Amino acid sequence: MTELIYLTDSYKKELTANVISVTPKGKMWEIVLDRTIFYPQGGGQSSDRGIINAASGTGQVKHVRLSGDTVIHECAITGSIAKDTKVALSLDWPTRYQHMRVHSAGHIVHEAVKLVAPSSIVPVKGEHGAKPYIEYEGSLTIDKKYQIEKEANIIVEKNLPLVTEFVSLEELMRRSPWVPAHLPKNKPLRILTIGNFAPIPDGGTQVAQASEVGPIIITNIENDETHVRVHYAIELVQPTPVDTEPQESSMTAAQLTGLLLDLQQDVLAQKLTLLESKNAFATLTKQIKLVPAADRQSVGVVVTQVKQTIEKMLAQTHTSSLVTHNSTWADVTMPGILPPEGHLHIVTQAISEITRIFERIGFTRVRHPEVDWDWYPFESLNMPPNHPARDEWETFFINTQIPISKSQKEKNSKFTKMVLTPHTSNGQVREMEKGHLPIRMINIAKCYRRQIDVSHVPMFHQFEGLYVDHEVSIAHLKGVLDYFVKQFFGPERKARIRPFHFQFTEPSFEVDISCGVCLGVGCKLCKSGWLELGGAGMVHPVVLRNGGVDPNVYSGFAFGWGIERTSMMKSGTKLDDIRLLYNNDLRFLEQF
Amino acid sequence: MNILVPDSWLRTFLKTKATPSQLKEYLSLCGPSIERIYDDSGEPVYDVEITTNRPDAMSVFGIAREASVILPQFSIAAELLYNPYLIKPIKASGDNKLLITTDAKLNPRWTSVVLGNVTVKDSPKWLQDWLTRTGIRPINTIVDITNYLMRAYGQPAHAFDYDAIAGHTMKLRASIKGEKLTTLDGKLHVLPGDDIVIEDGSGRLIDLCGIMGGENSAITPTTKNVVLFLQTYEPVHIRKTSMKLAHRTEAAGLFEKGVDSELVLPALMEGVRLAQEIAGANVASRLYDLYPKPFTPYAVTAKKTKIHSYMGIVLPDRDVKSILTNLGFTTSVTKGEITVRVPSFRRDVTLDVDIIEEIARIYGYQNIPSTLPNKAPPGNLPDPHLLWEETIKTRLRDWGYTELVTYSMISEKTMQTFSMDPKEAYKISNPLSDEWVYLRPQLFPTTITAAIQNLGYTKNLKVFELSMAYLYRPNDLPIEKSTLIVLWSGEKFLEAKGLANAICTLFGVDFDAAVAEKKPHMHSYYTQQSITVGDYGSLGVLNQALLDSLQVKIPMTRLYMNFDNLVRDARPTKQYIPVPNHPSSDEDLALVVPEQFEVGPLIAAMKAAHPLVRDVTLLDVHEQTRTLHVTYMDPKKTLTAYEILPVRQKLLALALNTFGATLKSN
């Protein structure tokens, strides 16, 4: 009789023992020890492997079997191992541990089956080897597999303990509602208890905690006339490298059949679209070659059956949906479902449009300060302090007294007074100061003037065009203005320039646009056929010089006017009060 | 400035067959703009706008002179009549003396004469009609003559009661601050100082020069002797006084622009002639004309190449010369240059470009071709801020938000409501109203103020503004900081968070990483239901105290984004990830979670749990259940249920063990 250490300590990996007998059998030797950690094949669990080391030689344990109450280790021996000597046993632990996990998984699956299955099924046996399953008398529908899987994994997730102990039969019968027949009555029984589930007789090795098993998959439920097998799988602890080309026999007929039936069920339940069903079926069909050649015929039957089911189902669905589309009454007068609708401010819309128009002729939009040194919107533009021309702009001043000594190091006297820029022309010298010629800019910014009435607001927007290059002419200015007017207002409109005066341009112009109603002939709306648009001119030599540009080498033109006015002239919105633009009333803004 | 010119008055100086509408059209194209023609009792009256640089045209004669040059360009004959520059001074003498002291710097030319035995009465009808039609109220013969001179020639004139001038002494000087003077209109002025005034022999001020005469020496119905007085003044002084006293008269407007010193004496002669004619006056003194530095014409030269380059065309020399000569410039042409001697009334012409303007406007801007620049464009890179602004605004519009644009200025009260320090803000020294005093240091106050006005009729407010805030810098210009504010009515925390996420994604900025920084809020505008988005902003439900102070009765949610920082960190280039050849598998996991459960970390952990997990999103929230949508994908193959299961088990184990979330049982 061999003492079975693994029954009480399944984690013992090494042990010393005495050799009882060594018997040759063919090329192998059969060794019997007084005690062992090697598990003999049985109860569905595979045999352990490992090494028996003696002083005089080493035995490779290839297989272990139980004969009566004696464990026989079948070994290949190098050197020699003698009777009545001490030997050291060492398990192939990874293999053993895998066996343990598979075995424990089997018990967990069994508990799950008991939770899910009708009580009429009776466990028969478990196979915990390479293709593990639990077999029952009775039958189970394949759709139970999800529930079983779920319940099994809950046990794993809860990490329930697996406890083995020796009890008497009476004890077992008291603790368990169901005890298999034919158990010996006169010796202690080893039982396994998972969490609070009922104990169950077991002679194998078990992991201590359910989580060691890892996720469990129910791969198939296989029924025959009287019995049902619940196939399951777990992850290997050290996954073997995935073969790039799956090998024949890497899948059993049962597995593939199960997957095909899964698909059939999904199709019938209309969980998949037409395309998904077809793709999934094609993928599974390809896997036939993974099934051992001998079993392929049986799988083929299932394939054909599933294919017909899918096609029939899809044909039905398709037809019925067509019928639905063709004959169902619908109220087509119901309003459509609108996409979300936001609105850009009119000024933003105009800015975008103006920017695009000038981009097409090489003018790039820039932005210069809204709050600026008085020098940029005035002095640099040939308007010294107290110049009468400043009256044209009702300017807001900023309440700051900059000590001259503390202001900017260079040009310090220029930077002492701050204003809210009353026009975008402050960008002219600022743009020139960048030092890149030629210049084609469109400067768009907020401007501020101290006035409010139906046609004036204290904050508004202007756009300012500036072109500085060699030999820039009035003809070019006219060309650009005509281009803009036709692009922005329409191809039938025209621009004209008339003499005007600004300190920072010479000559200076007032720009008119032909009336949109009479196209320049004169009508009730416009009186003269023309509407005033804004100002323009050839950049004054003083301004060029202030911007560091030599007026004897370069010339330029500039133009600029209000976005709001320009936009209102175009849109024909009949907006009679410019203040509406900045009341921010959504009932107004959402009209644009 | 605009003046009204009756047609009949204009035609005393201009002989032409041009119709009023022709005059209007052609003058507007090439010279002073005739904005409209009024009909006054059957007479056309022109409303003419004259630009500030052309005081020489701010008169009936000035308009006639322009017309005489312009009309022939349109093949309409026109001849200038009664040119005052041709009037010769009379020989004046008499016993009434004036003791005059003046200062040539303040008063480059002084002319005056005493007229005796005047009759102060109503003017004849023709004069009254002209004055009325030009917008001046007739008073009496003497005052009307002075107004006639101003309108006819653009030369302001004044008449004193000779007998009211103590000691017949007139001393022109700069005033001392605090001196007082009551003008003709009865207004008492306390002078700011350095104003040009005239003091009489008793030491009282009798004239606020260039602006308005004193009440104490005004013409009355009983006036017998008159000093007719025409001058020029140093323009800046006139302007300063007029501005400081806020006393803007037409005379001041003319003097500050500079009247022609050569026209002073002819205008005085014309005044004397009229006084004799309609007021029975006789010349009772010698002619006083103090003019130490008479005008000498100066030369201005323009290169022909520049003229042609500016106009974009080549004009024949004879055309150029003819235009300039007709305008009164003595013109000489050499091979490469045009040189003019500038007449006294056109002192606005000082540079070559001024000559170019004269040539071009008379030639006619309408005759210059229109052509787009044919040179290579600069090829500048666009400003990314501006591009991003447009992008974001357009996106927001398409996402259903409406843009507001608010004034940049805010009131003192708003500063207090939002706990902003006035010392850290720019204050307008001359505000238009109490509403607009400070430049907003943040965008939020104006946007929310505008937004809440709409709450009365909008249930589902979704608005934004992308504008500047003005950050204070001592002794320097503000930092103009682009800021985005989005506002919702109601508790829309998740909308705000989702929008911030979408905006960050658009910029290529890692939203999750930014949120994970957990920076403190800069302002205490929020409830606890709020987060910061790293350097890029913050979002959340606004707190009750703030809403109370704005008298808002419903919850509101805001998103604030520092637009500049987004632009700074923008990484909009998308990296190519190969398109998967294999379909993904998807499933929904309904998890029962503990109280006060934060789902964010769970999603993050699940996403990172296994390489086959491509995405995890929150599908549904119901009581203690969070339904997560999990996408499994392997780029190399189609996943089978067999392969997904262990991954799912791992996710569920993670949810259970780390987060206490269990799969909901059916």
Side-chain angles (χ1 to χ4, degrees), chain A residues 153 157 215 217 235 283 340-345 347-348 352 361-362 364-367 369-372 386 388-389 396-399 402 406-407 418 438 440 446 450 452 458-459 467 469 471 473-476 478-480 482-483 496-501 506-507 538 541 582 584 586 589-590, chain B residues 28-29 31 51-53 236 239 256-257 309-312 353-354 357 360-361 365-366 368-373 375 377-378 380 382-383 386 390 393 396-397 399-408 426-430 432 436 450 454 458 470 475 477-478 480 638 642 645-646 649 653 656:
Chain A
N153 282 301
E157 283 154 26
I217 306 159
E235 278 186 325
T283 309
E341 190 191 8
H343 302 267
L344 291 180
H345 197 273
V347 167
T348 299
S352 290
I361 52 169
T364 305
R365 187 182 165 195
V366 298
R367 185 154 61 199
E370 291 170 31
V371 184
D372 209 347
N386 291 312
F396 285 114
F397 295 94
I398 294 292
N399 202 4
I402 309 286
K406 282 188 185 171
S407 62
M418 269 180 226
R440 290 192 199 191
K446 291 193 170 96
R450 222 176 150 275
I452 186 158
M459 183 192 85
Y467 176 38
D469 204 337
E471 299 185 323
S473 71
I474 298 168
H476 293 143
K478 283 187 70 176
V480 168
D482 268 333
Y483 164 82
R496 74 172 186 188
I497 54 173
R498 291 184 294 107
F500 203 68
H501 174 72
E506 189 68 39
M538 303 297 289
Y582 297 106
N584 289 301
L586 288 175
L589 295 175
E590 287 173 357
Chain B
S28 296
L29 280 175
T51 54
T52 54
N53 61 325
V236 175
R239 178 170 169 78
E256 72 181 20
K257 291 176 185 75
S309 154
Y310 258 60
M311 291 181 64
V353 288
D354 297 325
E357 174 174 41
R361 75 181 175 96
Y365 294 135
Q366 71 278 9
I368 291 178
S370 164
T371 167
L372 281 172
K375 293 208 164 56
N380 293 337
D383 180 345
L386 298 168
E390 257 189 89
K393 284 183 175 187
L396 285 167
R397 178 198 67 190
W399 288 333
Y401 297 84
T402 295
E403 184 188 17
L404 306 179
V405 178
T406 58
Y407 293 125
S408 312
Y426 292 86
K427 188 176 186 184
I428 295 167
S429 57
N430 56 339
L432 187 58
W436 303 312
N454 292 289
T458 313
Y470 305 85
N475 298 332
L477 296 176
E480 297 181 14
T638 304
Y642 184 78
L645 195 99
Q649 297 310 334
L656 178 69

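Being a predicted model, the structure only gives us computed values, none of them experimental. Letters A, B, ... are given to chains in the order of the sequence lines, protein chains preceding strands, and every chain is numbered from 1.
In terms of the side chain to side chain donor-acceptor pair (under 3.5 Å) criterion, A:Glu157 has no residue partners (sequence neighbours excluded).
Of the listed residues (B:Leu396, B:Thr638, B:Thr406), the one with the most heavy-atom contacts under 4.5 Å to chain A is B:Thr406. Chosen from B:Tyr470, B:Trp436, B:Tyr407, B:Tyr426, the residue pairing most often with chain A at heavy-atom distances under 4.5 Å is B:Tyr407. Annotation: maximal heavy-atom pairing with chain A below 4.5 Å, among B:Leu404, B:Thr458, B:Asn430, B:Leu386, occurs at B:Asn430. Counting heavy-atom pairs closer than 4.5 Å to chain A, the top residue among B:Pro478, B:Pro373, B:Pro382, B:Ala653 is B:Pro373.
In terms of heavy atoms, A:Ile217 sits closest to B:Pro646 at CD1-CD, 4.0 Å. Scanning both residues, B:Gly31 and A:Pro499, for their nearest heavy atoms gives N-CG, 3.5 Å. Nearest heavy atoms, A:Lys478 versus B:Ile368: NZ-O, 2.7 Å. The minimum heavy-atom distance linking B:Arg397 with A:His343 is given by the pair CG-N, 3.7 Å. Closest of all the heavy-atom pairs between B:Gly312 and A:Ala475 is CA-CB, 4.3 Å. Considering every non-hydrogen atom in both B:Pro377 and A:Gly362, the closest pair reads CB-CA, 4.0 Å.
Contact annotation for B:Tyr401: only backbone heavy atoms (N, CA, C, O) come within less than 4.5 Å of a heavy atom of chain A. With a threshold of 4.5 angstrom between heavy atoms, A:Tyr483 approaches chain B through side-chain atoms but not through N, CA, C or O. Contact annotation for A:Arg496: only side-chain heavy atoms (C-beta onward) come within less than 4.5 Å of a heavy atom of chain B. Both the backbone and the side chain of A:Pro369 come within contact range of chain B, judged by heavy atoms closer than 4.5 Å. With a 4.5 angstrom heavy-atom cutoff, A:Ser352 touches chain B via backbone and side-chain atoms both. The contact between A:Val480 and chain B is made by backbone and side chain atoms together, counting heavy-atom distances below 4.5 Å. Both the backbone and the side chain of B:Ala450 come within less than 4.5 Å of a heavy atom in chain A. For B:Glu390, the part lying under 4.5 angstrom from a heavy atom of chain A is the side chain only. With a 4.5 angstrom heavy-atom cutoff, B:Ser408 touches chain A via backbone and side-chain atoms both. Only the side chain of B:Leu656 comes within contact range of chain A, with heavy atoms under 4.5 Å apart.
Rounding to the nearest 0.5 Å gives a distance of 5.0 Å between OH of B:Tyr310 and CE of A:Met538. Once rounded to the nearest 0.5 Å, the distance linking CD of A:Glu506 with CG of B:Asn53 reads 7.0 Å. Within the model, atoms CD of B:Glu403 and CG of A:Leu586 stand 12.0 Å from one another, a figure rounded to the nearest 0.5 Å. Here CG of B:Asp383 is found 7.0 Å from CZ of A:Arg367. Values are rounded to the nearest 0.5 Å. Residue A:Ile474 holds its CD1 atom at 12.5 Å from OG of B:Ser370, rounded to the nearest 0.5 Å. Expressed to the nearest 0.5 Å, how far CG of A:Leu589 lies from OG1 of B:Thr402 amounts to 7.0 Å.
Side-chain contact between B:Leu645 and A:Asn153 is present, with heavy atoms from C-beta onward closer than 4.5 Å. In this structure, B:Leu432 and A:Ile452 have side chains that are in contact, with non-hydrogen atoms separated by less than 4.5 Å. Looking only at side-chain heavy atoms (C-beta outward), A:Pro541 and B:Val353 come within less than 4.5 Å of each other. Looking only at side-chain heavy atoms (C-beta outward), A:Asp482 and B:Leu372 stay at 4.5 Å or farther from each other.
Here the side chain of B:Glu480 pairs a donor or acceptor atom with the backbone of A:Glu370 at under 3.5 angstrom. Using a distance-only test at 3.5 Å, with no hydrogens or angles considered, no donor-acceptor pair links the side chain of A:Asp469 to the main chain of B:Pro378.
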So B:Lys393 and A:His345, side chain to side chain contact (heavy atoms under 4.5 Å, CB included) or not? Walk me through it. CA-CA 10 Å; B:Lys393 284 183 175 187; A:His345 197 273; over 6 Å; no
Can B:Ile428 and A:Ile398 be said to form a side chain to side chain contact (heavy atoms under 4.5 Å, CB included), step by step? CA-CA 4 Å; B:Ile428 295 167; A:Ile398 294 292; 4.3 Å; yes
Verdict with reasoning, A:Arg440 to B:Lys375, per side chain to side chain contact (heavy atoms under 4.5 Å, CB included): CA-CA 11 Å; A:Arg440 290 192 199 191; B:Lys375 293 208 164 56; 4.2 Å; yes
